[in-house]
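Numbers restart at 1 for each chain; the letters A, B, ... are given by sequence-line order, proteins then strands.
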Number of protein chains: 2
Amino acid sequence: MARPPSALREHILRSALRLFAESGYKGTSLHDIAQVTGCSKAALLYHFASKDAILTELLTPAGEGLAALRARLTGLDGAAAAREAVTGFVDLALRFRLEVRVLFQDIPMMTTHPALGAVPAVVELLLTALAGGSTAPPDTVAAHMVLGAVSVTAADDLGVPEEVLRAEMIRGALRTLGRAPDHP
Amino acid sequence: MARPPSALREHILRSALRLFAESGYKGTSLHDIAQVTGCSKAALLYHFASKDAILTELLTPAGEGLAALRARLTGLDGAAAAREAVTGFVDLALRFRLEVRVLFQDIPMMTTHPALGAVPAVVELLLTALAGGSTAPPDTVAAHMVLGAVSVTAADDLGVPEEVLRAEMIRGALRTLGRAPDHP
DNA sequence: GTCAGATCTGACCGATCGGACAGTTATTGT
DNA sequence: ACAATAACTGTCCGATCGGTCAGATCTGAC
(Lines give C-alpha, C1' and ligand atoms only; values in the text may rest on other atoms or scores of the structure.)
Protein backbone atom coordinates (compact mmCIF):
# COMPACT_ATOMS: atom_id res chain seq x y z
CA MET A 1 0.00 0.00 0.00
CA ALA A 2 2.98 2.28 0.57
CA ARG A 3 3.89 1.67 -3.07
CA PRO A 4 3.08 4.43 -5.56
CA PRO A 5 0.14 3.51 -7.78
CA SER A 6 1.21 1.90 -11.05
CA ALA A 7 -0.95 1.47 -14.15
CA LEU A 8 -0.07 -2.20 -14.51
CA ARG A 9 -0.49 -2.76 -10.82
CA GLU A 10 -4.09 -1.55 -10.86
CA HIS A 11 -4.74 -3.38 -14.08
CA ILE A 12 -3.63 -6.57 -12.34
CA LEU A 13 -5.97 -5.87 -9.46
CA ARG A 14 -8.95 -5.38 -11.76
CA SER A 15 -8.19 -8.55 -13.71
CA ALA A 16 -7.69 -10.57 -10.55
CA LEU A 17 -10.92 -9.35 -8.98
CA ARG A 18 -12.86 -10.30 -12.09
CA LEU A 19 -11.26 -13.74 -12.28
CA PHE A 20 -11.61 -14.44 -8.56
CA ALA A 21 -15.29 -13.52 -8.76
CA GLU A 22 -15.79 -15.74 -11.81
CA SER A 23 -13.84 -18.83 -10.83
CA GLY A 24 -13.00 -18.45 -7.16
CA TYR A 25 -9.62 -17.85 -5.55
CA LYS A 26 -8.38 -21.42 -5.76
CA GLY A 27 -9.89 -21.77 -9.22
CA THR A 28 -7.78 -18.90 -10.55
CA SER A 29 -4.07 -19.41 -11.20
CA LEU A 30 -1.37 -16.76 -11.46
CA HIS A 31 -1.06 -17.86 -15.07
CA ASP A 32 -4.71 -16.96 -15.66
CA ILE A 33 -4.32 -13.52 -14.10
CA ALA A 34 -1.16 -12.83 -16.10
CA GLN A 35 -2.80 -13.90 -19.33
CA VAL A 36 -5.87 -11.71 -18.84
CA THR A 37 -3.75 -8.79 -17.69
CA GLY A 38 -1.42 -9.22 -20.62
CA CYS A 39 1.83 -9.48 -18.71
CA SER A 40 4.11 -12.24 -17.48
CA LYS A 41 3.48 -14.26 -14.37
CA ALA A 42 6.71 -12.92 -12.91
CA ALA A 43 5.43 -9.36 -13.31
CA LEU A 44 2.57 -10.19 -10.96
CA LEU A 45 5.03 -11.28 -8.32
CA TYR A 46 7.09 -8.18 -8.86
CA HIS A 47 4.16 -5.95 -7.96
CA PHE A 48 2.73 -8.26 -5.30
CA ALA A 49 4.49 -10.43 -2.78
CA SER A 50 2.24 -13.41 -3.43
CA LYS A 51 -1.10 -14.51 -4.79
CA ASP A 52 -2.54 -14.05 -1.33
CA ALA A 53 -1.23 -10.48 -1.25
CA ILE A 54 -3.36 -9.70 -4.31
CA LEU A 55 -6.42 -11.11 -2.57
CA THR A 56 -5.62 -9.17 0.58
CA GLU A 57 -5.37 -5.88 -1.26
CA LEU A 58 -8.62 -6.62 -3.08
CA LEU A 59 -10.53 -7.38 0.10
CA THR A 60 -9.08 -4.64 2.28
CA PRO A 61 -11.48 -1.86 1.15
CA ALA A 62 -14.45 -4.10 1.80
CA GLY A 63 -13.07 -4.97 5.23
CA GLU A 64 -12.63 -1.29 6.02
CA GLY A 65 -16.19 -0.63 4.87
CA LEU A 66 -17.39 -3.25 7.31
CA ALA A 67 -15.36 -1.73 10.11
CA ALA A 68 -16.85 1.67 9.31
CA LEU A 69 -20.33 0.17 9.44
CA ARG A 70 -19.53 -1.30 12.83
CA ALA A 71 -18.46 2.11 14.09
CA ARG A 72 -21.67 3.65 12.78
CA LEU A 73 -23.64 0.90 14.50
CA THR A 74 -22.22 1.07 18.00
CA GLY A 75 -24.42 3.09 20.31
CA LEU A 76 -27.60 2.44 18.36
CA ASP A 77 -30.12 -0.14 19.43
CA GLY A 78 -33.65 -1.29 18.80
CA ALA A 79 -35.39 -0.22 15.59
CA ALA A 80 -32.81 2.46 14.80
CA ALA A 81 -29.99 -0.09 14.95
CA ALA A 82 -31.90 -2.51 12.74
CA ARG A 83 -32.62 0.17 10.13
CA GLU A 84 -29.03 1.38 10.09
CA ALA A 85 -27.79 -2.21 9.85
CA VAL A 86 -30.06 -2.92 6.90
CA THR A 87 -29.27 0.19 4.87
CA GLY A 88 -25.58 0.09 5.76
CA PHE A 89 -25.19 -3.55 4.83
CA VAL A 90 -27.14 -3.18 1.59
CA ASP A 91 -25.01 -0.23 0.53
CA LEU A 92 -21.86 -2.12 1.41
CA ALA A 93 -22.90 -5.24 -0.47
CA LEU A 94 -23.78 -3.19 -3.55
CA ARG A 95 -20.54 -1.23 -3.41
CA PHE A 96 -18.49 -4.45 -3.27
CA ARG A 97 -20.54 -6.81 -5.40
CA LEU A 98 -17.60 -8.66 -6.91
CA GLU A 99 -15.83 -8.85 -3.58
CA VAL A 100 -18.93 -10.44 -2.05
CA ARG A 101 -18.86 -13.03 -4.80
CA VAL A 102 -15.24 -13.79 -4.02
CA LEU A 103 -16.05 -14.03 -0.34
CA PHE A 104 -18.86 -16.50 -0.84
CA GLN A 105 -16.83 -18.78 -3.03
CA ASP A 106 -14.15 -19.46 -0.48
CA ILE A 107 -15.85 -19.03 2.84
CA PRO A 108 -13.52 -21.32 4.84
CA MET A 109 -10.42 -19.40 3.77
CA MET A 110 -11.97 -15.95 4.03
CA THR A 111 -13.26 -16.32 7.56
CA THR A 112 -9.65 -16.56 8.76
CA HIS A 113 -8.16 -14.08 6.30
CA PRO A 114 -6.26 -11.21 7.96
CA ALA A 115 -7.84 -8.59 5.66
CA LEU A 116 -11.20 -9.63 7.06
CA GLY A 117 -10.19 -10.23 10.63
CA ALA A 118 -12.88 -7.89 11.89
CA VAL A 119 -15.61 -9.59 9.90
CA PRO A 120 -16.85 -12.19 12.41
CA ALA A 121 -17.30 -9.56 15.08
CA VAL A 122 -19.10 -7.25 12.66
CA VAL A 123 -21.36 -10.04 11.49
CA GLU A 124 -22.17 -10.80 15.09
CA LEU A 125 -22.95 -7.16 15.72
CA LEU A 126 -25.04 -6.99 12.56
CA LEU A 127 -26.96 -10.06 13.58
CA THR A 128 -27.84 -8.70 17.02
CA ALA A 129 -28.71 -5.33 15.51
CA LEU A 130 -30.95 -6.97 12.92
CA ALA A 131 -32.52 -9.15 15.56
CA GLY A 132 -33.33 -6.05 17.60
CA GLY A 133 -31.03 -7.13 20.39
CA SER A 134 -32.66 -10.49 20.80
CA THR A 135 -30.70 -13.73 20.69
CA ALA A 136 -33.70 -16.05 20.63
CA PRO A 137 -34.52 -18.28 17.63
CA PRO A 138 -37.32 -16.30 15.99
CA ASP A 139 -35.26 -13.15 15.56
CA THR A 140 -31.85 -14.70 14.93
CA VAL A 141 -33.20 -16.77 12.06
CA ALA A 142 -34.66 -13.68 10.41
CA ALA A 143 -31.38 -11.84 10.93
CA HIS A 144 -29.43 -14.63 9.24
CA MET A 145 -31.91 -14.62 6.40
CA VAL A 146 -31.42 -10.91 5.85
CA LEU A 147 -27.65 -11.23 5.68
CA GLY A 148 -27.94 -14.13 3.25
CA ALA A 149 -30.57 -12.46 1.11
CA VAL A 150 -28.66 -9.20 0.75
CA SER A 151 -25.31 -10.88 0.09
CA VAL A 152 -26.57 -13.30 -2.53
CA THR A 153 -28.82 -10.80 -4.28
CA ALA A 154 -26.05 -8.22 -4.45
CA ALA A 155 -23.61 -10.80 -5.80
CA ASP A 156 -26.01 -12.00 -8.46
CA ASP A 157 -26.38 -9.87 -11.53
CA LEU A 158 -30.06 -9.53 -12.20
CA GLY A 159 -30.61 -6.80 -14.76
CA VAL A 160 -32.14 -4.34 -12.32
CA PRO A 161 -30.78 -0.77 -12.10
CA GLU A 162 -28.75 -0.31 -8.95
CA GLU A 163 -31.00 2.37 -7.47
CA VAL A 164 -34.08 0.17 -7.84
CA LEU A 165 -32.16 -2.82 -6.54
CA ARG A 166 -31.04 -0.88 -3.49
CA ALA A 167 -34.54 0.34 -2.63
CA GLU A 168 -36.12 -3.07 -3.14
CA MET A 169 -33.45 -4.88 -1.13
CA ILE A 170 -33.96 -2.52 1.80
CA ARG A 171 -37.73 -2.91 1.62
CA GLY A 172 -37.43 -6.69 1.35
CA ALA A 173 -35.00 -6.89 4.26
CA LEU A 174 -37.25 -4.83 6.52
CA ARG A 175 -40.22 -7.01 5.56
CA THR A 176 -38.16 -10.10 6.40
CA LEU A 177 -37.50 -8.68 9.85
CA GLY A 178 -41.22 -8.10 10.29
CA ARG A 179 -40.87 -4.33 10.31
CA ALA A 180 -43.01 -2.07 8.14
CA PRO A 181 -40.69 -0.39 5.60
CA ASP A 182 -42.07 3.12 6.06
CA HIS A 183 -43.64 3.41 9.49
CA PRO A 184 -41.56 1.89 12.32
CA MET B 1 -25.12 -46.25 -9.19
CA ALA B 2 -25.54 -49.68 -10.72
CA ARG B 3 -22.83 -50.83 -8.35
CA PRO B 4 -23.86 -52.72 -5.22
CA PRO B 5 -23.53 -50.61 -2.09
CA SER B 6 -20.21 -51.07 -0.34
CA ALA B 7 -19.39 -50.04 3.22
CA LEU B 8 -16.16 -48.31 2.19
CA ARG B 9 -17.86 -46.71 -0.78
CA GLU B 10 -20.45 -45.00 1.37
CA HIS B 11 -17.83 -44.11 3.94
CA ILE B 12 -15.91 -42.36 1.16
CA LEU B 13 -19.03 -40.46 0.15
CA ARG B 14 -19.65 -39.27 3.69
CA SER B 15 -16.05 -38.16 4.16
CA ALA B 16 -15.99 -36.39 0.80
CA LEU B 17 -19.23 -34.55 1.47
CA ARG B 18 -17.93 -33.32 4.81
CA LEU B 19 -14.61 -32.21 3.33
CA PHE B 20 -16.18 -30.57 0.28
CA ALA B 21 -18.53 -28.64 2.54
CA GLU B 22 -15.66 -27.58 4.79
CA SER B 23 -13.01 -26.64 2.25
CA GLY B 24 -14.72 -26.59 -1.13
CA TYR B 25 -14.32 -28.98 -4.04
CA LYS B 26 -11.08 -27.54 -5.36
CA GLY B 27 -9.80 -27.10 -1.84
CA THR B 28 -10.13 -30.81 -1.12
CA SER B 29 -7.62 -33.25 -2.60
CA LEU B 30 -8.05 -36.98 -3.14
CA HIS B 31 -5.28 -37.37 -0.59
CA ASP B 32 -7.39 -35.53 1.98
CA ILE B 33 -10.42 -37.71 1.32
CA ALA B 34 -8.35 -40.89 1.50
CA GLN B 35 -6.76 -39.82 4.76
CA VAL B 36 -10.07 -38.99 6.46
CA THR B 37 -11.67 -42.13 5.10
CA GLY B 38 -8.74 -44.24 6.22
CA CYS B 39 -7.94 -45.88 2.91
CA SER B 40 -5.50 -45.36 0.07
CA LYS B 41 -5.96 -42.78 -2.65
CA ALA B 42 -6.07 -45.59 -5.20
CA ALA B 43 -9.02 -47.14 -3.37
CA LEU B 44 -11.02 -43.98 -4.04
CA LEU B 45 -10.37 -44.34 -7.75
CA TYR B 46 -11.30 -47.99 -7.59
CA HIS B 47 -14.78 -47.18 -6.30
CA PHE B 48 -15.17 -43.98 -8.30
CA ALA B 49 -14.05 -43.16 -11.80
CA SER B 50 -12.71 -39.75 -10.81
CA LYS B 51 -12.88 -37.01 -8.23
CA ASP B 52 -15.67 -35.45 -10.24
CA ALA B 53 -17.60 -38.73 -10.15
CA ILE B 54 -17.64 -38.49 -6.34
CA LEU B 55 -19.03 -34.97 -6.55
CA THR B 56 -21.61 -36.06 -9.10
CA GLU B 57 -22.88 -38.88 -6.92
CA LEU B 58 -23.02 -36.54 -3.92
CA LEU B 59 -25.05 -33.92 -5.75
CA THR B 60 -27.37 -36.23 -7.63
CA PRO B 61 -29.94 -36.67 -4.81
CA ALA B 62 -30.17 -32.92 -4.38
CA GLY B 63 -30.60 -32.51 -8.12
CA GLU B 64 -33.38 -35.08 -8.10
CA GLY B 65 -35.03 -33.30 -5.20
CA LEU B 66 -35.03 -30.10 -7.21
CA ALA B 67 -36.51 -31.88 -10.21
CA ALA B 68 -39.24 -33.31 -7.97
CA LEU B 69 -39.98 -29.82 -6.67
CA ARG B 70 -40.27 -28.60 -10.23
CA ALA B 71 -42.78 -31.33 -11.00
CA ARG B 72 -44.78 -30.40 -7.92
CA LEU B 73 -44.71 -26.77 -9.00
CA THR B 74 -45.92 -27.04 -12.58
CA GLY B 75 -49.61 -26.29 -12.88
CA LEU B 76 -49.71 -24.10 -9.81
CA ASP B 77 -49.68 -20.33 -10.02
CA GLY B 78 -50.29 -17.22 -7.96
CA ALA B 79 -50.26 -17.49 -4.19
CA ALA B 80 -50.50 -21.27 -4.21
CA ALA B 81 -47.37 -21.54 -6.38
CA ALA B 82 -45.47 -19.11 -4.15
CA ARG B 83 -46.41 -21.00 -0.99
CA GLU B 84 -45.46 -24.35 -2.49
CA ALA B 85 -42.19 -22.90 -3.79
CA VAL B 86 -41.31 -21.53 -0.36
CA THR B 87 -42.08 -24.65 1.66
CA GLY B 88 -40.64 -26.96 -0.99
CA PHE B 89 -37.41 -25.02 -1.28
CA VAL B 90 -36.99 -24.66 2.48
CA ASP B 91 -37.47 -28.39 2.99
CA LEU B 92 -35.03 -29.15 0.20
CA ALA B 93 -32.39 -26.79 1.53
CA LEU B 94 -32.69 -28.27 5.02
CA ARG B 95 -32.54 -31.83 3.71
CA PHE B 96 -29.33 -31.10 1.80
CA ARG B 97 -27.59 -28.60 4.04
CA LEU B 98 -24.06 -29.79 3.36
CA GLU B 99 -24.74 -30.10 -0.36
CA VAL B 100 -25.93 -26.49 -0.40
CA ARG B 101 -22.67 -25.48 1.21
CA VAL B 102 -20.74 -27.33 -1.46
CA LEU B 103 -22.84 -25.70 -4.14
CA PHE B 104 -22.23 -22.20 -2.87
CA GLN B 105 -18.50 -22.64 -2.64
CA ASP B 106 -18.00 -23.50 -6.30
CA ILE B 107 -20.85 -21.77 -8.06
CA PRO B 108 -19.09 -21.38 -11.44
CA MET B 109 -18.37 -25.10 -11.70
CA MET B 110 -21.71 -26.24 -10.30
CA THR B 111 -23.86 -24.24 -12.67
CA THR B 112 -22.55 -26.33 -15.55
CA HIS B 113 -22.30 -29.63 -13.69
CA PRO B 114 -24.23 -32.49 -15.32
CA ALA B 115 -25.70 -33.68 -12.01
CA LEU B 116 -27.33 -30.27 -11.69
CA GLY B 117 -28.24 -29.73 -15.31
CA ALA B 118 -31.85 -29.14 -14.41
CA VAL B 119 -30.99 -26.53 -11.80
CA PRO B 120 -31.05 -23.30 -13.84
CA ALA B 121 -34.48 -24.13 -15.22
CA VAL B 122 -35.77 -25.00 -11.74
CA VAL B 123 -34.34 -21.80 -10.28
CA GLU B 124 -36.02 -19.84 -13.04
CA LEU B 125 -39.30 -21.59 -12.28
CA LEU B 126 -38.84 -20.98 -8.56
CA LEU B 127 -38.15 -17.33 -9.17
CA THR B 128 -41.29 -16.79 -11.24
CA ALA B 129 -43.32 -18.80 -8.74
CA LEU B 130 -41.95 -16.76 -5.84
CA ALA B 131 -42.53 -13.55 -7.78
CA GLY B 132 -46.16 -14.53 -8.29
CA GLY B 133 -45.68 -14.80 -12.05
CA SER B 134 -44.34 -11.29 -12.35
CA THR B 135 -41.00 -10.54 -14.03
CA ALA B 136 -40.84 -6.89 -13.01
CA PRO B 137 -38.14 -5.54 -10.64
CA PRO B 138 -40.08 -5.29 -7.38
CA ASP B 139 -41.08 -8.96 -7.33
CA THR B 140 -37.98 -10.47 -8.92
CA VAL B 141 -35.73 -8.83 -6.37
CA ALA B 142 -37.78 -10.25 -3.51
CA ALA B 143 -37.73 -13.67 -5.17
CA HIS B 144 -33.94 -13.59 -5.44
CA MET B 145 -33.72 -12.53 -1.82
CA VAL B 146 -35.81 -15.48 -0.73
CA LEU B 147 -33.63 -17.97 -2.57
CA GLY B 148 -30.51 -16.41 -1.11
CA ALA B 149 -31.89 -16.17 2.40
CA VAL B 150 -33.05 -19.78 2.50
CA SER B 151 -29.88 -21.19 0.94
CA VAL B 152 -27.47 -19.31 3.17
CA THR B 153 -29.46 -19.81 6.36
CA ALA B 154 -29.81 -23.53 5.71
CA ALA B 155 -26.09 -23.84 4.95
CA ASP B 156 -25.08 -21.99 8.10
CA ASP B 157 -25.22 -23.89 11.33
CA LEU B 158 -26.94 -21.71 13.84
CA GLY B 159 -27.83 -23.75 16.88
CA VAL B 160 -31.55 -23.72 16.25
CA PRO B 161 -33.52 -27.00 16.23
CA GLU B 162 -34.44 -27.99 12.70
CA GLU B 163 -38.20 -27.82 13.28
CA VAL B 164 -37.99 -24.28 14.60
CA LEU B 165 -35.60 -23.34 11.85
CA ARG B 166 -37.96 -24.68 9.21
CA ALA B 167 -40.96 -22.81 10.56
CA GLU B 168 -39.08 -19.54 10.98
CA MET B 169 -37.53 -19.75 7.53
CA ILE B 170 -40.93 -20.27 5.92
CA ARG B 171 -42.41 -17.40 7.89
CA GLY B 172 -39.48 -15.14 7.05
CA ALA B 173 -39.61 -16.04 3.36
CA LEU B 174 -43.32 -15.28 3.14
CA ARG B 175 -42.76 -11.97 4.90
CA THR B 176 -40.00 -11.15 2.44
CA LEU B 177 -42.43 -11.75 -0.41
CA GLY B 178 -44.90 -9.40 1.24
CA ARG B 179 -47.40 -12.15 1.97
CA ALA B 180 -48.93 -12.68 5.36
CA PRO B 181 -47.70 -16.04 6.68
CA ASP B 182 -51.12 -17.32 7.77
CA HIS B 183 -53.79 -15.55 5.75
CA PRO B 184 -53.10 -15.32 2.01
C1' DG C 1 26.08 9.66 -23.26
C1' DT C 2 25.82 7.08 -19.42
C1' DC C 3 24.84 5.33 -15.22
C1' DA C 4 21.37 3.75 -11.52
C1' DG C 5 17.30 2.13 -10.34
C1' DA C 6 12.81 0.62 -11.50
C1' DT C 7 10.32 -2.61 -14.42
C1' DC C 8 9.66 -6.75 -16.72
C1' DT C 9 10.76 -11.46 -18.90
C1' DG C 10 11.93 -16.53 -19.79
C1' DA C 11 13.53 -20.27 -17.62
C1' DC C 12 13.49 -22.90 -13.86
C1' DC C 13 12.29 -25.12 -9.06
C1' DG C 14 10.02 -28.10 -5.57
C1' DA C 15 5.49 -29.38 -4.22
C1' DT C 16 1.17 -31.09 -5.15
C1' DC C 17 -2.48 -32.22 -8.02
C1' DG C 18 -5.66 -36.00 -10.37
C1' DG C 19 -5.03 -40.21 -12.21
C1' DA C 20 -2.86 -44.89 -14.19
C1' DC C 21 -1.06 -49.44 -13.45
C1' DA C 22 0.98 -53.75 -11.96
C1' DG C 23 0.85 -56.51 -8.40
C1' DT C 24 -0.89 -58.28 -3.72
C1' DT C 25 -4.43 -59.70 -0.51
C1' DA C 26 -9.10 -60.98 0.72
C1' DT C 27 -13.46 -63.25 -0.67
C1' DT C 28 -16.36 -66.37 -2.90
C1' DG C 29 -18.38 -70.07 -5.84
C1' DT C 30 -17.67 -74.82 -6.83
C1' DA D 1 -8.67 -77.14 -2.20
C1' DC D 2 -8.47 -74.04 -5.69
C1' DA D 3 -9.36 -71.08 -9.29
C1' DA D 4 -11.59 -66.67 -10.25
C1' DT D 5 -12.90 -62.38 -9.18
C1' DA D 6 -13.37 -58.40 -6.21
C1' DA D 7 -10.96 -55.17 -3.23
C1' DC D 8 -7.13 -52.78 -2.26
C1' DT D 9 -2.07 -50.91 -2.09
C1' DG D 10 2.48 -48.73 -3.40
C1' DT D 11 4.48 -46.55 -6.89
C1' DC D 12 4.91 -43.92 -10.66
C1' DC D 13 3.40 -40.29 -14.24
C1' DG D 14 2.48 -35.85 -16.66
C1' DA D 15 0.45 -31.51 -15.68
C1' DT D 16 -0.01 -27.59 -13.07
C1' DC D 17 0.51 -25.01 -9.04
C1' DG D 18 2.83 -20.76 -6.47
C1' DG D 19 7.13 -18.82 -6.32
C1' DT D 20 12.40 -17.67 -7.37
C1' DC D 21 16.17 -15.77 -10.00
C1' DA D 22 19.54 -14.00 -13.24
C1' DG D 23 19.45 -11.15 -16.73
C1' DA D 24 17.27 -8.07 -20.42
C1' DT D 25 14.96 -3.58 -21.13
C1' DC D 26 13.21 0.71 -20.15
C1' DT D 27 13.50 5.39 -17.96
C1' DG D 28 14.97 9.70 -16.13
C1' DA D 29 18.88 12.47 -13.72
C1' DC D 30 23.11 14.43 -14.50
Side-chain angles (χ1 to χ4, degrees), chain A residues 1-60 102 105-106 108-110 112-115, chain B residues 1-60 102 105-106 108-110 112-115:
Chain A
M1 270 300 236
R3 238 189 257 267
S6 145
L8 177 58
R9 191 182 157 83
E10 308 214 353
H11 189 188
I12 292 172
L13 282 175
R14 281 199 305 272
S15 305
L17 177 58
R18 216 187 63 204
L19 287 172
F20 287 163
E22 277 175 9
S23 311
Y25 178 75
K26 282 170 186 153
T28 303
S29 68
L30 292 181
H31 173 81
D32 297 334
I33 303 175
Q35 191 163 340
V36 168
T37 307
C39 67
S40 76
K41 195 177 60 169
L44 304 182
L45 295 159
Y46 170 76
H47 287 284
F48 299 92
S50 65
K51 184 186 178 187
D52 182 84
I54 301 180
L55 178 67
T56 298
E57 193 151 325
L58 282 177
L59 296 184
T60 296
V102 176
Q105 293 195 19
D106 272 278
M109 173 189 337
M110 303 302 168
T112 60
H113 200 278
Chain B
M1 269 308 231
R3 239 187 258 266
S6 146
L8 177 56
R9 190 181 158 83
E10 308 214 353
H11 189 189
I12 291 172
L13 283 175
R14 281 198 304 271
S15 305
L17 177 58
R18 216 186 63 203
L19 287 173
F20 287 163
E22 277 175 10
S23 311
Y25 176 75
K26 282 170 186 154
T28 303
S29 69
L30 293 180
H31 174 80
D32 296 333
I33 303 175
Q35 191 163 339
V36 168
T37 307
C39 67
S40 74
K41 195 177 62 168
L44 303 182
L45 295 161
Y46 171 76
H47 286 285
F48 299 93
S50 65
K51 185 187 178 186
D52 182 84
I54 301 179
L55 178 67
T56 298
E57 193 151 324
L58 281 177
L59 296 184
T60 296
V102 177
Q105 292 197 18
D106 271 278
M109 172 189 336
M110 303 303 169
T112 61
H113 199 277

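What separates CD1 of B/Ile12 from C1' of D/dC8 is a distance of 11 Å, to the nearest Å. The OH atom of B/Tyr46 sits 18 Å away from the P atom of C/dG23 (whole-angstrom rounding). Atom CD1 of B/Ile33 is separated from atom P of C/dG19 by 10 Å (rounded to the nearest Å). Summarising the geometry, the separation between CG on B/Leu44 and P on D/dC8 is reported as 11 Å, rounded to the nearest angstrom.
Residues forming a side chain to side chain donor-acceptor pair (under 3.5 Å) with B/Glu10 (at least two apart in sequence, or on another chain): none. Residues forming a side chain to side chain donor-acceptor pair (under 3.5 Å) with A/Ser29 (at least two apart in sequence, or on another chain): A/Asp32. Under the side chain to side chain donor-acceptor pair (under 3.5 Å) criterion, B/Ser50 pairs with no residue at all, not counting sequence neighbours. Evaluation of the side-chain contact (heavy atoms from CB on, under 4.5 Å) rule for B/Asp106 yields B/Tyr25, B/Lys26, B/Met109, B/Met110 as partners, not counting sequence neighbours. Remark: B/Ala34 pairs with B/Lys41, B/Leu44 by the side-chain contact (heavy atoms from CB on, under 4.5 Å) rule, at least two apart or across chains.
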For residues 11-18 of chain A, tabulate all N or O donor-acceptor pairs below 3.5 Å that involve a side-chain atom, not counting sequence neighbours.
from: A/Ser15; atom 1: OG; to: A/His11; atom 2: O; distance (Å): 3.0
from: A/Ser15; atom 1: OG; to: A/Thr37; atom 2: OG1; distance (Å): 3.2

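The 5' end of DNA chain D is approached more closely, in terms of each residue's nearest nucleotide, by B/Gly38 than by the other of A/Lys51 and B/Gly38.
Between B/His47 and D/dC8 there is a side-chain polar atom (N or O) within less than 4.0 angstrom of OP1 or OP2.
Interatomic distance, NE2 of A/His47 versus CD of A/Glu57, reported as 11.5 Å (0.5 Å rounding). The OG atom of B/Ser6 lies 8.5 Å from the OH atom of B/Tyr46; values are rounded to the nearest 0.5 Å.
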Protein-to-nucleotide contact annotation, 5' to 3' order, nucleotides 20-27 of chain D [B base; S sugar-phosphate only; - none; under 4.0 Å, heavy atom]: BB------
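Taking a 4.0 Å limit (strictly below) on heavy-atom distances, residues 17-32 of chain A reaches DNA chain D at A/Thr28, A/Ser29, A/Leu30.
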